[in-house]
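The structure appears below as structure tokens.
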Amino acid sequence: MDMDQINLVQRTFAEVIPVADQFSIVFYDRLFELEPTVRSMFTSDLAGQREKLVDELTFIVDHLGQMPSLIERTTELGRRHVDSGVQPRHYDLVLDSTLFALRSVLGERMTAEVETAWRRGYNLAAEMMMMGASASASAVIDYD
């Protein structure tokens, strides 16, 4: 991911912030449409979860060019997601849901170039989250 793509993600996310609630509603609607079984991973009231989603995305987007802090935050996030039952296959569902929600709120501004930048940014964060999840999973294995 180069600096132009980082800037593109950051600029487009700045457009999402004013409609963050709409973005997060579309995101979760799409996620549950794609995989209804993941609904049980969340409480019945999604308002807090939607806020957490936007908060984490804000941190990740803001720190795309700052690898040490991005690695620290995303690996920890991956570790925490293990406790919720998140599996590697869920990361593709989240990517699809993120892009779907972005298209919903950005409309025509969600160009192929913007989508490519978001895919790269997402894949970077997701890879680090899966590394954190993997480290967490291997830490709890009892080898006796």
Are side-chain heavy atoms of [X] and [Y] found at a separation under 4.5 Å?
X	Y	result
R39	L46	yes
V105	V26	no
Q22	I25	no
T75	R79	yes

Quick one: does any side-chain atom of [X] pair with a main-chain N or O of [Y] as donor and acceptor, under 3.5 Å?
X	Y	result
D96	D92	no
Y122	Y91	yes
S40	T37	yes
S104	F100	no
Q5	D2	yes

Non-hydrogen atoms of [X] and [Y] that approach each other most closely:
X	Y	answer
M110	R103	CG-CG, 3.5 Å
H90	G85	CE1-O, 3.7 Å
M41	V86	CE-N, 4.1 Å
F27	T98	CE1-OG1, 3.4 Å

Hey, any chance [X] and [Y] share a hydrophobic cluster, counting ILVMFWY side chains that come within less than 4.5 Å of each other, even indirectly?
X	Y	answer
V82	V94	no
L95	M131	no
L102	I17	yes

Please assess D29 against E33 for the test side chain to side chain contact (heavy atoms under 4.5 Å, CB included), listing each intermediate value before the final yes or no. CA-CA 6 Å; D29 285 350; E33 175 187 325; over 6 Å; no
Test salt bridge (Lys or Arg N to Asp or Glu O under 4.0 Å) applied to E15 - qualifying residues, sequence neighbours left out: R109
Output side-chain donor-acceptor pairs under 3.5 Å for residues 55-68, partner residues at least two apart or in another chain, one line each.
from	atom 1	to	atom 2	distance (Å)
E56	OE1	R73	NE	3.1
T58	OG1	V54	O	2.7
H63	ND1	F59	O	2.8

How long is the span from the CG atom in N123 to the CE atom in M130, to the nearest 0.5 Å? 7.5 Å
Distance from M128 atom CE to L70 atom CG, nearest 0.5 Å? 4.0 Å
Between W118 and T12, does the side-chain hydrogen bond (donor to acceptor under 3.5 Å, both in side chains) criterion hold? Intermediate values first, please. CA-CA 9 Å; W118 271 93; T12 54; 2.8 Å; yes
Take a 6.0 Å sphere around [atom1] of [X] and say whether it holds more than 12 heavy atoms from other residues, nucleotides or ligands.
X	atom1	result
E51	CD	no
E127	CD	no
E76	CD	yes

Applying side chain to side chain contact (heavy atoms under 4.5 Å, CB included), can you list everything that pairs with D45, at least two apart in sequence or on another chain? A47
